[in-house]
Amino acid sequence: MSEQAKKHYQSIFQTNYLNFLGMFDHEENKSEKAADQALILAESIAKNIYKIEDESLLESWAMEMYANYNIGIEIDKASVMRVDPPVNWFNFQDLASSFFWSRYKHYLLTIKSWPLEAVQAIDETTNEVLKSLGNPNSTESFDKRGLVLGYVQSGKTANFTGLINKAYDLGYKLVIVLAGMHNDLRAQTQIRLEEEVVGSVLGKNGKPKGVAQVRANERIISTWTTIDQDISNSSTGNVTHIDQPTLVVVKKNKDVLESLQNQLQYHKSLYNLDIPVLVIDDEADQASVDTSDPDKMEDPKTINRLIRNILEIFSRKAYVGYTATPFANLLINVNAETQEEGKDLYPKDFVVGLPKPKEYCGPEEYFNVFEEEEYDRPSLIRYLSEDEINMFNSITKKHHSNKFEEVPDTMREAILSFFIVVAIRNLRGQRNLHNSMLIHTSRFKDVQSTIKTEVASEVENMMNYIQYNSKSSTVEELKELYYSDFVETTSKWEARNEIFEWSDVYEEIKQVIENIQVMEINGNSRDVLAYHDYKEQGLNVIAVGGDKLSRGLTLEGLSITYYYRNTLMYDTLMQMGRWFGYRKGYMDLCRIYTSDTIAENFEHLAKAMVELRKEFDKLAGSKLKPIDYALKMLSHPVMSLTSPLKMKNAEPTVLMYHSSLQQTRLFDKDRLFYETNMRATNDLVNEISGEIQRLRPKGSKTEYLVAKDVQANQVVKFLSEYQTSKTAYVVNSQKLINYINMANSHNELINWTVAIVDGNENKKINDGLDTHRVQMGNVTINGAVIRGVKAAERPINMTDRVDIGAIVASKQEFIDLNPEEVKKQKDKTILRKMRPKENGVLLIYPLHPGVKLFSSLDVEFTDTLVPIGIAISFPGEEENSSFDKTKIYAKNKTVSEKTGGQS
């Protein structure tokens, strides 16, 4: 009885806690207030129904609720920009007890077992969107357009599903969902919304699935589309009246959208309807953005034109775009408007940045985007061989499928890795969950078909050897891969996961391999990723495909990716990275097999996305309006933000190196490069040697040779002689010089601290490297600094440079600041602001030439010739700097044209 009472107690608390959170939305300590009210109701149930009078027991349950639901710990908030102040046109209390949202909320909590904070995040962020939408119960016209910025594979669908449920509760009659460009994604979205909004899906046993398990349909939503059928002109006049709640899920296709437009115009003319409509544009940067050229008097492109035409049918309308890659949307011309199509789709009314969900693994989880030398998480990237890359590069036409003659070695290793992952997840208690592997190497369907056939044949051969010959070379490969890769990586991972005996893993592989399916996911194949059909036992699938797998379509339980499909556009590359998402309990098992170039581009993209979100959050916190907002987006020497047609409104601008750390990580391979930099360093050291003092900060193991009050012209002279890598784009000697000269003209960066980092003597660390003393001008360095050991673990595929990774260890850049202040403050941005804008810091790293990346070069290093790395720590705040900016960014020039460029 006590256990049953406790479950009921928890259920009552959980449900009402979220309801009360909405009621106390704008009050301080709202989580505690909501929890107190929910506990009163839960305690009442326990006492009145279960007759529990033990106050100590009830108090222990209450304490457990506080702990389990992190009461008092506020979740991350959405960052919001609005054209107008938020309007609470809806009643939070009414919404909390509404039909559709309450049912969906209960479904997520009780059926899908989502954490309360995840449901709370959906509740709060969708409320932020609603505050900028029009009131559907008002007779006044409204036209609201906004953008929701999420993360790839991060639950955007769950968010707009919550928004749709609330929209129906609050009075919106028609919801149109634009669900990508392919039938598979449209069907996936249709079934998701039928399960989680409409409540019309039945399982194989005839029992309800989805939200109908929580509460049967008391309010009916009509659907104009089904899992198998999109809108078509043939159904004109046969669809239901849209003066009642109606859902339409369509793909962004010319014929489909024209049919939808015809249907809506037919209903409007027949019934003279004036209903409120909500349009959700999933993957809003794809196809929806107008790529016409206004200078050539071109009409808006087809999909963009049709979306705008559909919106123009209604006088009360709201358009909400969802995307993880907003580059194209934020570059839409803010002034674009035509008589027939109306306004373009620029998010004029609001932009909402969803907080990054817990347990979400994005680009920064795979890369050291903050370039910290202490970053010790093992890399999950594995590199393709040069032969494989050359083979895929040779496939340039669809009839080149014959060039894929057999499964190459690295792809074979990736498949074996997938077997291991499924087995380990089972042993970890994640049995009967979906497991997916992605193979994406070509856009040609004929090539995909050939790869699928060869992979299926290889898997069958592997299965025979694994199951029936424990002494086979395949089993030996598996065992070696398990110990050398998986055991090695998992043992170094930050989460403490159990390491299983090989015999247990092998026995599990023998069982799971029979259930692994190989599917071809494209228009030529009848294979379908019907995860919902395998809900009970889990689907284990190797999916071979191209464009269908590159955007929107979710690969459940994706762990192994074999990817060779490069692009020079940020948004396309980000969307092709299907390996982002929730990987709770098995992140350490995930692997990406790709080329060094693609991995490098992804790393740059990760930095761009981090900066974009930081910039957005900062400007949103300054209460800027979308129309005032010219979002700056990090550029790349080769990659483009988006397609050239979508970049027509972009103009280059610049951003300071202010409050940043810039460090060399790229080194060229020729001897002259190292000789030039050693000579430049010797010249600087000899010039300032009279000021150099040895310094070991309290508690530090590192010694520094420090010269203070070095003049800016001496640093500029050094940088003019020091050669950064030819391939370095941001940490570039000439750009650094330009920046410093510009700062000097405004009396900034005129005074420098130069610190040479000494690796110290008598240290045998990292691969048994001995101390390497260095003679640097007339100064002796006890030991060269060891960097790049972990970077040396990856194949050196780059032909023109060496990438050693970050060289600056924790807080070394603050050698000029008070050690006690540095120790207390964790935020490096705040520490940089503590430095006067007149002062800069130059760190010099004589690097150990014995590290594999350097020792493998055709350069004879000595005690007077070692690789020299540098880092510069820049002070200051952007707001306090008066000079131009030097790090190239892009922004929407039509924003500055209209507003005077307040950004």
Side-chain angles (χ1 to χ4, degrees), residues 370-372 607 610-611 614-615 617-619 621-622 624 630 632 634 653-664 684 688 691 695 697 704 706-720 722 724 730-757 808 810-844 870-889 891 901-903:
F370 301 109
E371 296 197 334
E372 296 170 334
K607 295 173 187 174
V610 168
E611 290 211 19
K614 280 175 61 180
E615 183 76 6
D617 292 343
K618 184 182 84 171
L619 297 178
S622 301
L624 283 189
K632 291 171 291 226
L634 187 60
T653 184
V654 285
L655 179 69
M656 294 184 295
Y657 285 116
H658 78 282
S659 191
S660 71
L661 173 69
Q662 303 298 331
Q663 57 185 310
T664 52
L684 176 63
I688 64 174
E691 307 298 325
L695 171 67
Y704 301 85
V706 179
K708 296 184 177 180
D709 300 321
V710 176
Q711 296 179 10
N713 66 332
Q714 293 174 293
V715 173
V716 168
K717 179 185 175 186
F718 166 71
L719 290 173
S720 66
Y722 181 90
T724 49
V730 175
V731 189
N732 173 282
S733 289
Q734 191 56 54
K735 291 180 180 179
L736 292 168
I737 291 170
N738 293 343
Y739 180 83
I740 294 169
N741 286 337
M742 200 180 304
N744 290 167
S745 67
H746 290 80
N747 207 37
E748 297 182 22
L749 296 178
I750 55 176
N751 188 46
W752 287 76
T753 297
V754 176
I756 305 167
V757 183
V808 181
S810 177
K811 297 185 177 180
Q812 284 185 332
E813 60 175 300
F814 305 115
I815 186 69
D816 61 324
L817 299 181
N818 184 316
E820 294 302 319
E821 291 294 329
V822 172
K823 186 176 181 180
K824 286 190 295 185
Q825 180 56 251
K826 292 182 179 180
D827 191 327
K828 294 181 181 179
T829 302
I830 292 176
L831 285 169
R832 292 180 195 127
K833 289 179 180 179
M834 290 170 58
R835 182 183 295 130
K837 61 184 179 181
E838 293 81 12
N839 296 356
V841 173
L842 169 65
L843 294 165
I844 297 176
I870 65 170
I872 299 181
S873 181
F874 289 101
E877 300 182 51
E878 183 177 14
E879 295 80 4
N880 296 333
S881 293
S882 55
F883 53 91
D884 292 336
K885 306 168 182 180
T886 60
K887 194 160 126 189
I888 298 299
Y889 278 68
K891 72 175 183 180
Q902 293 183 38
S903 69

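Positions are given from 1 along the sequence.
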Starting from the C-alpha separation in whole Å, work towards a yes-or-no answer on side chain to side chain contact (heavy atoms under 4.5 Å, CB included) for Trp752 and Val716.
CA-CA 11 Å; Trp752 287 76; Val716 168; over 6 Å; no
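- Side-chain atoms of Thr664 come within 3.5 Å of backbone atoms of Ile870 as a donor-acceptor pair (strictly under, hydrogens ignored).
- Shown here are the salt bridge (Lys or Arg N to Asp or Glu O under 4.0 Å) partners of Lys826, two or more places apart in sequence or in another chain: there are none.
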Ile872/Val841 under side chain to side chain contact (heavy atoms under 4.5 Å, CB included): CA gap, chis, key distance, verdict:
CA-CA 6 Å; Ile872 299 181; Val841 173; over 6 Å; no
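- A salt bridge is absent between Asp816 and Lys708; no separation between the charged side-chain nitrogens and carboxylate oxygens falls under 4.0 Å.
- In this structure, the separation between CD on Gln663 and OG on Ser873 is 10.5 Å, given to the nearest 0.5 Å.
- Side-chain contact check for Gln734 and Asn738: at least one donor-acceptor pair (N or O, by modelled atom type) lies under 3.5 Å.
- In this structure, the separation between CG on Asn744 and CD on Gln711 is 10.5 Å, given to the nearest 0.5 Å.
- Contacts of Asp709 classified as side chain to side chain contact (heavy atoms under 4.5 Å, CB included), with partners at least two apart in sequence or in another chain: Asn751.
- Using a 4.5 Å cut-off on side-chain heavy atoms (C-beta onward), Asn839 and Leu749 make no contact.
- Across all non-hydrogen atoms, the minimal contact from Ile815 to Leu843 is CG2-CD2, 4.4 Å.
- Under a cut-off of 6.0 angstrom, the local environment of CD in Glu691 is sparse, with at most 12 non-hydrogen atoms contributed by other residues, nucleotides or ligands.
- Distance check: Leu661 CG to Phe814 CZ gives 7.5 Å after rounding to the nearest 0.5 Å.
- Phe874 contributes atom CZ, which lies 10.0 Å from atom CZ of Arg835 (distance to the nearest 0.5 angstrom).
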Mind running side chain to side chain contact (heavy atoms under 4.5 Å, CB included) on Leu831 and Glu813 for me, showing each step along the way?
CA-CA 10 Å; Leu831 285 169; Glu813 60 175 300; over 6 Å; no
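- For the 3.5 Å distance criterion, the side chains of Arg832 and Ser660 fail to qualify, holding no donor opposite an acceptor.
- One finds no salt bridge joining Lys823 and Glu820 here, because no Lys/Arg side-chain nitrogen approaches an Asp/Glu carboxylate oxygen to under 4.0 Å.
- Here Ile844 contributes atom CD1 and Leu684 contributes atom CG; the two are 5.0 Å apart, rounded to the nearest 0.5 Å.
- Here the closest heavy-atom approach between residue Val731 and residue Gln662 is recorded as CG2-OE1, 3.7 Å.
- Annotation for Gln812 and Val757: closest pair NE2-CG1, 4.0 Å, computed over non-hydrogen atoms.
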From CA spacing to verdict: side chain to side chain contact (heavy atoms under 4.5 Å, CB included), Ile740, Leu719:
CA-CA 10 Å; Ile740 294 169; Leu719 290 173; 3.7 Å; yes
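- In terms of modelled atom types and a separation under 3.5 Å, the side chain of Lys833 and the main chain of Ser659 share no donor-acceptor contact.
- Atom CZ of Phe718 and atom CG of Asn713 lie 14.5 Å apart (nearest 0.5 Å).
- A heavy-atom distance below 4.5 Å is not found between the side chains of Glu748 and Glu838.
- A heavy-atom distance below 4.5 Å is found between the side chains of Val706 and Thr753.
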